[in-house]
Enquirer: 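Could you have a look at this structure, given as structure tokens, before my questions?
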Amino acid sequence: MSTSGKVIKCKAAVVWGLKQPFSIEEVEVAPPKAYEVRVKILATGICRTDNNATIGAMPAKFPVILGHEATGIIESIGEGVTTLKPGDKVIPLPVPQCGFCPGCISPHSNYCEKIDIIGRGVLADGTSRFTCKGKPVYHFMNTSTFTEYTVVEECAVVKIDAAAPPEKVCLFGCAFSTGYGAAINTAKVTPGSTCAVFGLGGVGLSIIIGCKVAGASRIIAIDINPRKFEKAKAVGATECINPKDYTKPISEVLKEKTGNSVEYTFEAIGHLDTMIDALASCHKNYGTSVVVGDPPSSTMLTYDPMLLFTGRTWKGCIFGGWKTRNDLPKLVSDFMAKKFDLDQLITHVLPFNKIKDGFSLLNKGESIRTVLTF
Ligand code: APR
Ligand code: ZN
Ligand code: ZN
């Protein structure tokens with residue numbers, strides 16, 4: 001029986017308020033309005049950003065359905081949708097590509113104005129498509145994937161190869177694209193260069209993969225959790241450093257180890273002190289440092305301007321600089337052609353109703369990516 005045009009009742013993980021747990025509830029998912037699509041989620045990854053939203057370090061309105069890294073199938077489409085049809089395999093896009101805003105028109109930008117990083121929590125018409133126990137439930141980052149069904153705008157979802165394995169390519173919805181693109185598009189890592197990556201979660205490991213594909217000859221991986229080192233080496237790190245083994249800043253340690261020759265550094269933790277130390281770690285004149293980790297909301301950085309005056313470049317990127325609707329299908333094709341492997345990044349696969357276990361693995365530092373399947 002077709003569900004098109006009808007409200008779907010399904011399971012979703014609702015977070016009712018700040019610092020509240022994920023609660024599996026029955027929710028109602030309204031049909032898509034004009035220029036929207038309803039997506040049946042097949043697999044979704046657990047990202048640090050979702051955790052940040054539960055603790056107030058990333059803006060969100062409550063109650064909310066979090067989750068933003070997923071693969072799904074189009075269940076139905078709203079009026080006016082022309083680029084997608086029911087049955088298409090898709091990735092929802094936390095960074096949309098509307099095609100019309102200044103960021104989309106510029107060939108140098110992927111920052112679509114439709115992005116929701118301020119926690120609007122609603123679709124274009126200002127309303128939500130989710131209700132639970134008679135209350136509206138907010139969306140998150142244009143996607144909301146911790147649910148059996150979600151509704152997203154046409155510009156916030158892209159069709160991918162129907163043969164792509166959902167429990168792997170969901171990582172293109174955030175971690176992999178963000179990290180890999182930071183190395184390839186933002187830093188533009190050059191062959192033979194020396195790189196240093198701070199933070200070895202799903203994002204940091206994806207940066208290492210990008211540095212390796214770009215031909216870096218030395219990739220130094222840094223984490224306070226030495227259990228991350230094995231994976232870092234498996235994806236291409238040439239050496240690993242634990243800041244806890246040193247009393248001096250890592251920038252000093254790197255200068256000594258490399259004879260002051262680190263060209264590219266990446267911060268994939270989201271801490272202010274490591275953002276500055278990553279900047280100080282690249283060469284004072286020709287070095288480039290990229291902020292990849294989400295900066296904690298409502299915070300300010302204080303740093304010595306001499307770090308920049310001597311010639312360093314300090315950059316940031318959102319979603320690895322990819323123009324999402326144009327570029328993700330190509331990234332998925334590269335994956336299908338075995339240009340890179342995601343297996344090292346996926347440490348756990350759990351059924352959706354074990355979402356709390358997935359977050360506890362993340363917070364105990366035991367997982368890289370946990371993928372929830374439906
Ligand atoms: N120095 C070095 N490593 C650190 C430090 C520190 N001071 N503090 C934490 N780490 C390490 C953690 O041990 C962990 O391995 O940083 C890593 C971060 O990995 P995850 O928590 O798995 O985060 P990930 O999903 O990779 O995201 C990284 O990008 O998308 C954003 O919000 C996300 O800001 C986060 C960042
Ligand atoms: Zn746009
Ligand atoms: Zn993410």
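Counting convention: from 1, in listed order, for ligands and their atoms alike.
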Enquirer: Check whether any side-chain heavy atom of Gln344 lies under 4.5 Å from a side-chain heavy atom of Leu205, and answer yes or no.
Expert: no

Enquirer: For the ring pair Phe176 and Phe340, is the centre-to-centre distance below 6.0 Å?
Expert: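 Between Phe176 and Phe340, the centre distance is under 6.0 Å.
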
Enquirer: Tell me which protein heavy atom sits closest to atom 14 (C) of ligand 1, plus the residue, atom name and distance to 0.1 Å.
Expert: Asp223 OD2, 3.4 Å

Enquirer: Between Glu239 and Lys257, is there a side-chain N and carboxylate O pair less than 4.0 Å apart?
Expert: no

Enquirer: Please calculate the SG(Cys174)-the Zn ion (ligand 3)-NE2(His68) angle and round it to 10 degrees.
Expert: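 So the angle at the metal works out to 110°.
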
Enquirer: Contact between Trp16 and Cys132 at the side-chain level, heavy atoms closer than 4.5 Å - yes or no?
Expert: yes

Enquirer: Tell me: protein heavy atom nearest atom 34 (O) of ligand 1, and distance?
Expert: Asp294 N, 2.9 Å

Enquirer: If we only count N/O pairs under 3.5 Å, is Gly202 in contact with ligand 1?
Expert: yes

Enquirer: Considering only heavy atoms of Asn52, which atoms of ligand 1 have at least one such atom less than 4.0 Å away?
Expert: 32 (O)

Enquirer: For atom 30 (O) of ligand 1, what is the closest protein heavy atom, and at what distance to 0.1 Å?
Expert: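 Sorting protein heavy atoms by distance from atom 30 (O) of ligand 1 puts Thr49 OG1, 3.5 Å first.
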
Enquirer: Measuring from the heavy atoms of Gly365, does anything fall under 4.0 Å of ligand 1?
Expert: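 Contact absent.
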
Enquirer: Give the numbers and elements of all ligand 1 atoms closer than 4.0 Å to a heavy atom of Asn225.
Expert: 13 (O)

Enquirer: Taking Arg38 first and then Glu75, would you say they form a salt bridge - that is, a charged N and a carboxylate O separated by under 4.0 Å?
Expert: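 Looking at Glu75 together with Arg38, the answer is yes, because their closest N to O distance falls below 4.0 Å.
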
Enquirer: Answer yes or no for Leu362: is there a heavy-atom contact with ligand 1 below 4.0 Å?
Expert: yes

Enquirer: Are any of the side-chain nitrogens in Lys228 or Asp223 under 4.0 Å away from the carboxylate oxygens of its partner?
Expert: no

Enquirer: If the contact criterion is a heavy-atom separation under 4.0 Å, does Met58 count as touching ligand 1?
Expert: no

Enquirer: Ignoring hydrogens and angles, tell me if any N or O in the side chain of Arg369 forms a donor-acceptor pair with the backbone of His348 under 3.5 Å.
Expert: no

Enquirer: Taking 2.8 Å as the limit, list every protein N, O or S atom around the Zn ion (ligand 2), by chain and residue number.
Expert: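 Under 2.8 Å from the Zn ion (ligand 2) - ignoring waters, which are not counted - the protein N, O or S atoms are Cys98 SG, Cys101 SG, Cys104 SG, Cys112 SG.
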
Enquirer: Measuring from the heavy atoms of Ala175, does anything fall under 4.0 Å of ligand 1?
Expert: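 Checking ligand 1 against Ala175, which is what was asked, there is no heavy-atom contact under 4.0 Å.
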
Enquirer: For Thr178, state whether at least one heavy atom is located under 4.0 Å from any atom of ligand 1.
Expert: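 Not so, Thr178 does not reach ligand 1.
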
Enquirer: Decide whether Ile184 and Val291 are clustered together by the hydrophobic rule: side chain heavy atoms of Ile, Leu, Val, Met, Phe, Trp, Tyr closer than 4.5 Å, transitively.
Expert: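 In one cluster: no.
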
Enquirer: Answer with side chain, backbone, both or neither: which part of Asp273 has a heavy atom less than 4.0 angstrom from an atom of ligand 1?
Expert: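 Neither; no heavy atom under 4.0 Å.
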
Enquirer: For atom 22 (O) of ligand 1, which protein heavy atom lies nearest, and how many Å away is it?
Expert: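 Answer, as residue, atom name and distance: Gly201 CA, 3.5 Å.
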
Enquirer: So, for Trp314 and Tyr303, is the gap between ring centers shorter than 6.0 Å?
Expert: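 Aromatic pair counts; centres sit under 6.0 Å.
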
Enquirer: Mind checking the CD1-NZ spacing from Ile208 to Lys233? Nearest 0.5 Å is all I need.
Expert: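 One gets 11.0 Å once the value is rounded to the nearest 0.5 Å.
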
Enquirer: Within the 4.0 Å heavy-atom shell around Ala268, which atoms of ligand 1 are there?
Expert: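 Selected atoms, number and element: 18 (C), 28 (C), 36 (C).
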
Enquirer: As an exercise, state the distance from CD1 of Ile115 to CZ of Arg120, rounded to the nearest 0.5 Å.
Expert: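 Result: 9.0 Å between the selected atoms.
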
Enquirer: Output the distance between atom CG (Leu66) and atom CD1 (Ile355), rounded to the nearest 0.5 Å.
Expert: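 Separation between the atoms: 8.0 Å.
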
Enquirer: Using a strict 4.0 Å cut-off to heavy atoms of His271, name the atoms of ligand 1 that fall inside it.
Expert: 8 (N)

Enquirer: Measuring from Gln97:CD to Trp322:CH2, what's the distance to the nearest 0.5 Å?
Expert: 13.0 Å

Enquirer: State, yes or no, whether a side-chain contact exists between Ile346 and Lys168 at a heavy-atom distance under 4.5 Å.
Expert: yes

Enquirer: When you measure from atom 35 (C) of ligand 1 to each heavy atom in Val203, Asp277, Ile269, Val291, which option holds the nearest one?
Expert: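 Among Val203, Asp277, Ile269, Val291, the closest heavy atom to atom 35 (C) of ligand 1 comes from Ile269.
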
Enquirer: May I ask you to test the Phe140-Met58 pair for a side-chain heavy-atom distance under 4.5 Å?
Expert: yes

Enquirer: Does Ile276 reach the side chain of Leu307, with side-chain heavy atoms less than 4.5 Å apart?
Expert: yes

Enquirer: What's the shortest distance from atom 7 (N) of ligand 1 to any protein heavy atom, and which residue and atom give it?
Expert: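 Checking every protein heavy atom, the shortest distance to atom 7 (N) of ligand 1 gives Thr274 CG2, 3.8 Å.
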
Enquirer: For Ser261, does its backbone N or O pair with a side-chain atom of Thr258 as donor and acceptor, under 3.5 Å?
Expert: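 Judged by distance alone, yes, a pair lies under 3.5 Å.
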
Enquirer: For atom 29 (O) of ligand 1, what's the nearest protein heavy atom and its distance?
Expert: Gly293 CA, 3.5 Å

Enquirer: Starting from atom 25 (O) of ligand 1, find the nearest protein heavy-atom neighbour and note its residue, name and distance.
Expert: Arg369 NH1, 2.9 Å

Enquirer: Suppose I only count heavy atoms of Gly199 and a 4.0 Å limit; which atoms of ligand 1 are within that range?
Expert: 16 (O), 17 (C)

Enquirer: Among all the protein's non-hydrogen atoms, which is closest to atom 21 (O) of ligand 1, and how far away is it?
Expert: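 Nearest neighbour among protein heavy atoms for atom 21 (O) of ligand 1, to 0.1 Å: Arg48 NE, 2.7 Å.
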
